[in-house]
Amino acid sequence: MEYNFREIESKWQAYWAANHTFEAKEDASRPKYYVLDMFPYPSGAGLHVGHPLGYIASDIYSRYKRLCGFNVLHPMGYDAFGLPAEQYAIKTGQHPAKTTADNIARYRQQLDRIGFSYDWSREVRTCDPGYYKWTQWAFLKMYGSWYDNDSAKARPIEELEAAFAKGGSSAVNAAHSDHDAFTAEEWKAFGEKKRHELLMCYRIAYQGETAVNWCPGLGTVLANDEVKEGFSVRGGFPVEQKKMTQWQLRVSAYAGRLLDDLEELEWTDSLKDMQRNWIGRSQGAEMTFKVKSDGQEYDMVIFTTRADTVFGVTFMVLAPESEWVEKLTTAAQKAAVEEYLVQARKKTERERMAETRRVTGVFSGAYAVNPLTGAEVPVWISEYVLAGYGTGAIMAVPAHDSRDYAFARHFDLPVIPLIEGCDVSESSFDAKEGIMCNSGFLNGLTVKQAIPAAIDYVESQGIGRRKINYRLRDAIFSRQRYWGEPFPMTFKDGMAQPLPVDMLPLQLPEIDKYLPTEAGDPPLARAEGWAVDGCPLETSTMPGFAGSSAYYLRYMDPHNDEALVSREADEYWRNVDLYIGGTEHATGHLIYSRFWNKFLYDLGYVCEKEPFKKLINQGMIQGRSNFVYRIKGTNTFVSVGLKDQYDTTEIHVDVNIVYNDRLDIEAFKAWSPEYRDAEFVLENGEYVCGWAIEKMSKSMYNVVNPDNVCDQYGADTLRLYEMFLGPLEQSKPWDTKGIDGVNRFLKKVWRMFYDRDGFAVTDEKAAPEELKALHKLIGKARTDIESFSYNTTISAFMIAANELGECHKREILEPFIIVLSPFAPHIAEELWEALGHKESITFASFPEYVEAYTVESSCTYAVSFNGKTRFTVDLPKDMGKDEVEARVRAHAKTPGYVGDGNIVKVIVVPGKIVNIVVK
RNA sequence: GCCUUGGUGGUGGAAUGGUAGACACGAGGGACUUAAAAUCCCUUGGCCUGAAAGGCUGUACGGGUUCGAGUCCCGUCCGAGGCACCA
């Protein structure tokens with residue numbers, strides 16, 4: 001009987017579906033384990049072999065955990081709102097809901113073929129109203145909350161109103177946008193509109209004017225993580241800076257907690273570091289400088305991490321967008337400043353970046369007074385200072401900051417070195433080391449001592465205070481697009497007001513065209529009657545990360561219409577134990593989700609403060625492209641080894657008609673009519689293709705579809721092969737070169753159970769060496785699976801299969817097939833059934849590892865002299881160190897080796913090696 | 001520039017500081033077969049030697065620690081990913 005993977009795989013896939021094998025139920029008697037994949041965006045192209053890499057890994061782990069007695073939650077769903085579906089809709093007029101549903105159906109088909117153990121009864125789609133009801137609900141909660149820095153948590157906005165009425169704006173220490181201070185009496189006197197405006201400065205979901213990434217090509221604003229190098233990540237359109245009023249989430253309020261709580265997560269250091277960089281904590285001080293302009297005097301606050309360098313301040317710089325620019329520009333400089341601002345404003349983000357090193361700036365006419373020296377220094381305006389960070393103004397210390405240095409040299413401003421012996425003739429001395437000089441009371445201190453000393457001093461003088469700044473900005477939360485969650489907000493007299501929760505979900509309306517209106521409003525403005533009680537609804541929609549921020553919670557209780565997740569379900573499943581996905585979400589989804597979770601935690605809706613305990617980043621699967629070489633001006637193709645003898649053009653060829661770099665010539669001729677009459681110059685009778693590693697994409701003809709692999713080799717082979725390819729975290733090209741190897745292995749497994757005459761398993765007692773081979777495998781599998789080293793587990797299977805190939809004993813084969821089942825579940829189920837089991841192998845128990853079976857009775861010591869191996873000696877395993885040494889000394893005395901007198905030291909590492917040190 | 005990673009045969013990749021190259025692919029040779037497929041066996045880092053036995057050499061490069069280094073430390077070079085006027 002042959003291994004017929006086609007029959008086996010469809011049989012067991014149908015069985016699992018019919019028997020609801022993988023449906024998870026809350027069960028207090030068993031420990032839970034939650035394994036999650038980053039759910040996919042269902043694109044029109046379908047899955048390629050790169051997608052399942054992480055899914056296979058998580059599936060293996062899920063199945064393994066089930067065998068170990070855990071109650072495993074392993075769900076899947078779709079991140080279904082998004083730009084491609086909308087752009088396709090603009091082109092074709094097809095409703096995005098329709099194309100999305102079609103794509104999902106195709107994804108599901110492809111996923112099912114690979115034999116994943118998902119609990120499909122818990123599937124979620126972010127575009128379902130029943131799902132996005134809870135996205136909208138969370139938004140309303142954020143709208144109705146403020147962030148209290150003192151208790152470090154979000155609280156209901158009503159408490160803030162009460163506090164204002166009692167003590168005015170100074171009654172709270174809250175995360176907020178800038179506004180003028182007010183007293184309790186003023187608060188009580190304010191009208192509705194003014195109060196509304198002020199509260200808006202505190203809400204966690206708020207509307208505010210800010211510089212945004214505006215992408216004209218997409219007609220929408222984008223978040224920082226959706227922009228790369230001045231272009232949109234999706235679509236690659238240029239992005240410019242623009243001031244606009246947008247919905248935002250006060251993520252920055254959570255910066256400290258997002259940073260601190262990274263400590264307890266089991267994530268890779270590189271990913272944690274990416275988040276740390278993104279959050280960008282810097283510890284320093286705020287300092288007040290007196291500034292004078294046209295006879296007026298002001299207090300201007302700046303932020304610095306180098307308080308020790310105040311004595312070297314030779315000028316100040318304002319960001320062009322800073323509100324200080326208007327206040328400080330003198331009449332004499334007004335024209336010059338205006339001109340500079342106009343030019344700066346015109347530039348796109350892209351142009352600003354291209355000119356990174358070009359120094360621009362203009363003098364404001366104002367002067368600042370150095371609070372420590374009393375010296376007057378000019379105040380300049382320059383693009384190199386960012387409005388959004390710190391206070392938008394800096395003190396410039398050209399001797400010890402390379403940016404200030406470049407500026408000083410360009411505009412010929414003085415440079416005062418502050419560190420003994422440093423050379424600032426060519427460049428600044430940025431390192432935080434050395435002994436201070438030219439610095440008054442700081443002279444003689446090291447930089448490390450001087451920084452706190454300087455801050456202590458300015459604090460005592462009342463001209464500054466310690467301050468921690470974060471780079472993390474609030475997330476811009478509205479998109480001028482159709483295919484996203486509508487905001488449950490209306491406007492009355494220009495004031496935003498939330499819809500009552502019982503009106504959720506606010507469903508996405510039908511519109512005639514998926515384009516902005518002629519007036520430039522978002523597509524939702526086209527919807528008829530887009531209003532509630534005569535008040536117009538918000539026309540923007542939410543961004544992609546809205547729906548993906550809490551989906552892991554919804555899986556816990558996907559059909560609950562009363563809550564995002566019930567308390568019982570949340571307290572049972574808690575959070576994700578293992579999350580697998582790509583690094584590309586490091587600064588997007590993984591920050592937003594953590595923020596969202598913390599917010600819900602603050603309000604008591606969830607019981608864990610972090611959503612994803614352990615996270616593994618699977619590497620990307622790159623494409624491996626193949627090339628043929630056409631001799632220029634002909635239809636003749638030359639094999640890669642001979643191409644240098646001709647003048648050729650390199651042409652991508654579909655990798656699906658190439659096997660081990662050998663071109664299937666007939667398939668090539670059929671591939672495109674233009675090659676029907678192609679001729680070939682061969683090497684050794686074969687056409688060998690060239691190759692290169694590139695991104696997997698349609699245009700490179702290097703896309704390998706998992707369906708093709710399933711057709712040819714079966715899902716179990718695909719699963720094993722993807723894991724065998726190399727370490728999970730590593731990026732690697734897809735190359736089918738080795739796939740025959742794992743396919744051969746599965747055939748060998750089949751033959752362990754079936755010979756020519758049929759089922760061949762006996763009840764004979766296992767021999768010691770068979771038990772040893774089995775338990776070596778079990779031990780290795782246990783440790784490997786726990787550490788996600790699946791590639792070496794598969795090697796261990798192959799070794800075991802080689803050793804046990806002739807062994808047809810049930811005692812060995814039953815545990816063997818259980819260990820194999822997470823990796824190759826279909827063949828495992830089939831053989832498990834053949835062994836006479838009625839229930840799915842899912843409900844078996846992972847075999848215990850018995851070390852006693854694998855212990856060697858004797859072991860080989862390699863004896864080396866000064867590190868060079870001379871001879872080996874077999875001694876009993878349990879022999880003590882001293883006796884080993886005595887035996888080895890005795891051996892070493894054998895003529896031809898070394899005499900006893902020369903031996904200085906004998907080092908015995910038990911079970912490993914003996915090294916003899918010779919004089 | 002800064003942060004994080006990596007660098008091992010023809011290829012993918014194994015190696016708690018202890019016989020480098022497991023396992024697999026590819027390649028070469030052989031068995032079975034009318035033939036092919038499938039399957040099985042042997043060889044396979046490089047070099048020296050007619051072959052074997054044996055030896056030398058070898059984990060990007062240069063040093064160091066150690067009885068012993070792919071592994072630890074210092075420096076250099078190269079690749080990948082992230083951040084990039086964040087004061």
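Only heavy atoms go into these numbers, but all of them, side chains included; no hydrogens, no water, no symmetry mates.
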*Asks:* Between Met798(A) and Asp269(A), which residue's closest nucleotide on RNA chain B lies nearer the 5′ terminus?
*Replies:*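 The 5'-side residue here is Asp269(A).
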
*Asks:* Say we look at C72(B) and G18(B): how far apart would their C1' atoms be, to the nearest angstrom?
*Replies:*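 About 14 Å, rounded to a whole number of Å.
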
*Asks:* Mind checking if Leu725(A) touches a base, just sugar-phosphate, or nothing, with heavy atoms under 4.0 Å?
*Replies:*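 Since only primed, P, OP1 and OP2 atoms lie under 4.0 Å of Leu725(A), the category is sugar-phosphate.
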
*Asks:* For Arg473(A), check salt bridge (charged side-chain N to carboxylate O under 4.0 Å, His left out) against everything at least two apart and list the hits.
*Replies:*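 For Arg473(A) there are no salt bridge (charged side-chain N to carboxylate O under 4.0 Å, His left out) partners, ignoring immediate neighbours.
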
*Asks:* In terms of side-chain heavy atoms of Arg471(A), which of A84(B), C3(B), G82(B) is nearest?
*Replies:*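 Nearest to the side chain of Arg471(A) among the choices is A84(B).
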
*Asks:* Under 4.0 Å, heavy atoms only, any strand: does Phe797(A) hit a base, just the sugar-phosphate, or nothing?
*Replies:*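 If one applies the 4.0 Å heavy-atom cut-off, Phe797(A) turns out to touch nothing in the nucleic acid.
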
*Asks:* Is there a salt bridge (Lys or Arg N to Asp or Glu O under 4.0 Å) between Asp269(A) and Lys272(A)? Walk through the geometry before answering.
*Replies:* CA-CA 5 Å; Asp269(A) 287 335; Lys272(A) 284 188 188 179; 5.0 Å; no

*Asks:* Quick one: label Arg751(A) by what it contacts on the DNA or RNA (base, sugar-phosphate, nothing), any heavy atom closer than 4.0 Å.
*Replies:*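 Counting heavy atoms under 4.0 Å across all strands, the contact made by Arg751(A) is with sugar-phosphate only.
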
*Asks:* Under 4.0 Å between a side-chain N or O of Ser282(A) and OP1 or OP2 of A87(B)?
*Replies:*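 Indeed, a polar side-chain atom of Ser282(A) lies that close.
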
*Asks:* When you get a sec, tell me which of A87(B), A22(B), C3(B) is the closest nucleotide to the side chain of Ile799(A)?
*Replies:*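 Selected nucleotide (nearest to the side chain): A22(B).
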
*Asks:* Mind checking Asp404(A) for me? I need base, sugar-phosphate or nothing, with any heavy atom below 4.0 Å counting as a touch.
*Replies:*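 Here Asp404(A) touches no strand at all.
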
*Asks:* Please determine, for G21(B), whether a Watson-Crick or G-U wobble partner exists with both distances under 3.5 Å, and give it or none.
*Replies:*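 Its partner is none (no Watson-Crick or G-U wobble pair with both distances under 3.5 Å).
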
*Asks:* So if I apply the side-chain contact (heavy atoms from CB on, under 4.5 Å) rule between Met723(A) and each of Thr792(A), Leu718(A), Ile56(A), Asn791(A), which one comes out positive?
*Replies:*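 With Met723(A) as partner, Thr792(A), Leu718(A), Ile56(A), Asn791(A) yield a single side-chain contact (heavy atoms from CB on, under 4.5 Å), made by Ile56(A).
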
*Asks:* Would you mind reporting whether Leu271(A) and Thr583(A) have side-chain heavy atoms less than 4.5 Å apart?
*Replies:*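 Answer yes - side chains close enough.
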
*Asks:* Of the listed nucleotides (G82(B), A87(B), A22(B)), which one gets closest to any side-chain atom of Ser795(A)?
*Replies:*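 Side chain of Ser795(A) sits closest to A22(B).
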
*Asks:* Go through U39(B), A87(B), U4(B) for me and flag the one nearest to the Arg744(A) side chain.
*Replies:*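 Selected nucleotide (nearest to the side chain): U39(B).
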
*Asks:* Can you check the distance between C23(B) and C42(B), where both ends of the measurement are the P atom (answer in whole Å)?
*Replies:*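 So the two P atoms sit 11 Å from each other.
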
*Asks:* With a 3.5 angstrom cut-off on both distances, give the Watson-Crick or G-U wobble partner of U66(B), or none if there isn't one.
*Replies:*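 U66(B) is paired with nothing.
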
*Asks:* Paired with A31(B) by Watson-Crick or G-U wobble geometry, both distances under 3.5 Å: which nucleotide is it?
*Replies:*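 By the stated definition (distances under 3.5 Å), U39(B) pairs with A31(B).
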
*Asks:* When you compare G26(B) with U19(B), how far apart are their P atoms, in angstrom units rounded to a whole number?
*Replies:*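 Here G26(B) and U19(B) have their P atoms 30 Å from each other.
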
*Asks:* Is it possible for you to check whether Arg594(A) lies under 6.0 Å from the centre of the six-membered ring of Trp278(A), through NZ or CZ, and within 45° of that ring's axis?
*Replies:*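 Cation-pi check for Arg594(A) and Trp278(A): fails.
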
*Asks:* Partner lookup for U76(B), please. Criteria are Watson-Crick or G-U wobble with both distances under 3.5 angstrom; report none if nothing qualifies.
*Replies:*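 Matched U76(B) with A60(B) under the 3.5 Å cut-off.
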
*Asks:* Can you confirm whether the side chains of Ser252(A) and Asp474(A) place a donor and an acceptor under 3.5 Å from each other?
*Replies:*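 Present: a donor and an acceptor within the cut-off.
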
*Asks:* Taking atom C1' in both C85(B) and C2(B), what distance in whole Å separates the two?
*Replies:*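 Straight-line distance between the two C1' atoms is 13 Å.
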
*Asks:* Looking at the side chain of Pro727(A), which of A14(B), U4(B), C85(B) is the nearest nucleotide?
*Replies:*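 Looking only at side-chain atoms, Pro727(A) lies closest to A14(B).
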
*Asks:* From the list U39(B), G82(B), A14(B), which nucleotide is the closest neighbour of the side chain of Asn791(A)?
*Replies:*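 Shortest atom-to-atom distance from the side chain points to A14(B).
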
*Asks:* Base, sugar-phosphate, or nothing: which does Lys272(A) touch, judged by heavy atoms less than 4.0 Å apart?
*Replies:*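 Contact class for Lys272(A): none.
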
*Asks:* Taking the same atom, C1', in A27(B) and in G79(B), what whole-Å distance lies between them?
*Replies:*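 Looking at atom C1' only, A27(B) and G79(B) are 29 Å apart.
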
*Asks:* Counting only side-chain heavy atoms from C-beta out, which of A87(B), A15(B), A38(B) sits nearest to Phe303(A)?
*Replies:*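 For Phe303(A), the side-chain atoms sit closest to A87(B).
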
*Asks:* When you compare G6(B) with A14(B), how far apart are their P atoms, in angstrom units rounded to a whole number?
*Replies:*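 12 Å, rounded to whole Å.
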
*Asks:* Where the side chain of Tyr389(A) is concerned, which of A87(B), U4(B), U39(B) is the nearest nucleotide?
*Replies:*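 The closest nucleotide is A87(B).
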
*Asks:* Heavy atoms from C-beta onward define the side chain here; which of A87(B), U4(B), G81(B) lies closest to that of Leu386(A)?
*Replies:*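 Nearest listed nucleotide: A87(B).
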
*Asks:* From the list A15(B), A24(B), G13(B), which nucleotide is the closest neighbour of the side chain of Gln730(A)?
*Replies:*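 Closest of the options to the side chain of Gln730(A): G13(B).
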
*Asks:* Considering Watson-Crick and G-U wobble pairs with both distances under 3.5 Å, what does G81(B) pair with?
*Replies:*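 Checking every strand shown, G81(B) finds its partner in C3(B), with both distances under 3.5 Å.
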
*Asks:* For the P atoms, the ones on A15(B) and on G21(B), what distance do you get once it is rounded to whole angstrom?
*Replies:*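 About 13 Å, rounded to a whole number of Å.
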
*Asks:* On RNA chain B, check which nucleotide each of Gly392(A) and Asp273(A) is closest to and give me the residue with the more 5' one.
*Replies:*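 Of the two residues, Asp273(A) wins.
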
*Asks:* As a quick check of understanding, evaluate side-chain contact (heavy atoms from CB on, under 4.5 Å) for Val704(A) and Val655(A), giving each step before the final call.
*Replies:* CA-CA 8 Å; Val704(A) 183; Val655(A) 292; 4.0 Å; yes

*Asks:* What's the base orientation of G64(B): syn (chi within 90° of 0) or anti?
*Replies:*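 For G64(B), whose glycosidic angle is more than 90° from 0, the conformation is anti.
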
*Asks:* Say you pick atom P in A22(B) and the same atom in G75(B); how far apart are they, in whole Å?
*Replies:*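 To the nearest whole Å, 34 Å.
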
